[in-house]
Number of protein chains: 2
Amino acid sequence: MDHFYKAALDEAKKGLHEGGIPIGSVLVHGGKIIGRGHNKRVQSGSCVLHGEMDALENAGRQPASVYQNSVIYTTLSPCPMCTGAILLYGIPKVIVGENKNFLGAEDHLRNNGVEVEVIQDQETIDMMAKFIQDKPELWNEDIGE
Amino acid sequence: MDHFYKAALDEAKKGLHEGGIPIGSVLVHGGKIIGRGHNKRVQSGSCVLHGEMDALENAGRQPASVYQNSVIYTTLSPCPMCTGAILLYGIPKVIVGENKNFLGAEDHLRNNGVEVEVIQDQETIDMMAKFIQDKPELWNEDIGE
């Protein structure tokens with residue numbers, strides 16, 4: 001498994017062990033991880049810190065040139081909010097762990113010139129499927145349903 | 001001026017007095033403000049807490065039914081990230097203070113069924129114009145440019 005994707009998956013697992021929603025993300029620039037994060041709905045009572053948002057937040061304030069030369073890895077297909085953040089900052093490439101359990105706004109990303117690569121990692125698919133089965137109310141809350 | 005819009009503008013002014021980017025927002029449900037916020041880039045070093053995001057965050061975790069019967073007020077036309085958050089949670093209506101200084105993703109909101117009303121409040125326009133003139137680098141950073 002790709003080193004960076006493994007780091008995103010490790011973030012998702014960390015979230016799961018904390019009793020949270022297992023979605024993780026890393027922001028990579030210049031061959032280095034500059035931000036790591038995972039969904040914080042349960043842990044911080046946050047409705048904005050999805051995995052990708054938490055990775056962006058933990059990367060801190062960055063100039064546009066950094067975002068525009070970064071890749072964001074996320075274990076799950078990006079929801080409309082995270083998609084919007086990717087578009088706002090002009091991140092050109094997204095590596096997605098899976099979109100079997102949830103298909104986000106990938107078309108909107110692609111229509112705006114973002115390269116989206118979906119790995120369909122089986123370990124990620126199984127982890128997310130089990131979580132949704134175990135805690136459907138938490139999952140629905142996270143996607144606004 | 002509308003009571004709720006005034007509260008959003010007061011949030012923007014609070015941000016300005018803190019040395020931050022003067023954009024404010026409130027989330028209104030059942031005739032009451034359930035979340036208030038303003039851009040926290042300077043104050044918290046945050047790249048995700050735009051005004052709208054901060055208002056959503058401060059409203060805390062809410063069931064879908066609350067968002068779906070809420071109105072969000074914001075002093076500036078919503079950027080792609082805040083637009084995505086509005087779409088994620090199914091907020092049906094957005095009241096925008098102005099879009100003269102920045103035109104966000106209003107078309108994307110409307111194309112997805114969200115009602116967008118733009119007030120073009122002169123006080124807001126003047127405040128934002130002065131801020132952009134005074135601190136262009138901060139403004140550009142906030143919109144990823």
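These figures come from a predicted structure and were not determined experimentally. For the numbers below, each heavy atom of this structure counts, side chains included, while hydrogens, waters and symmetry mates do not. All chains are named by letter (A, B, ...) in the order of the sequence lines, taking the proteins before the strands, and each is independently numbered beginning at 1.
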Q | Electrostatic pair B:Lys6-B:Asp10, nearest N-O below 4.0 angstrom | A | yes

Q: Decide whether A:Gln120 and A:Asn99 meet the rule of one side-chain donor and one side-chain acceptor closer than 3.5 Å.
A: yes

Q. Looking at A:Cys47, A:Ala64, A:Gly144, which has the largest count of heavy-atom pairs under 4.5 Å with chain B?
A. A:Cys47

Q | For B:Lys40 against B:Asp54, the heavy-atom pair lying closest together | A | NZ-OD2, 2.8 Å

Q | Proximal component of B:Gln62, with respect to chain A [non-hydrogen, under 4.5 Å] | A | backbone

Q) Does any heavy atom of chain B fall under 4.5 Å from the side chain of A:Ser46, the backbone, both, or neither of them? A) both

Q. Which atom pair, heavy atoms only, marks the closest approach of B:Glu98 to B:Asn101?
A. OE2-ND2, 2.8 Å

**Q.** Nearest heavy atoms of B:Gly104 and B:Ser77, plus distance in Å
**A.** N-OG, 2.8 Å

Q) With only heavy atoms counted, which part of A:Glu145 is less than 4.5 Å from chain B, the side chain, the backbone, both or neither? A) backbone

Q: Determine the option with the most heavy-atom pairs under 4.5 angstrom with chain B, choosing from A:Gln68, A:Glu57, A:Glu137.
A: A:Glu57

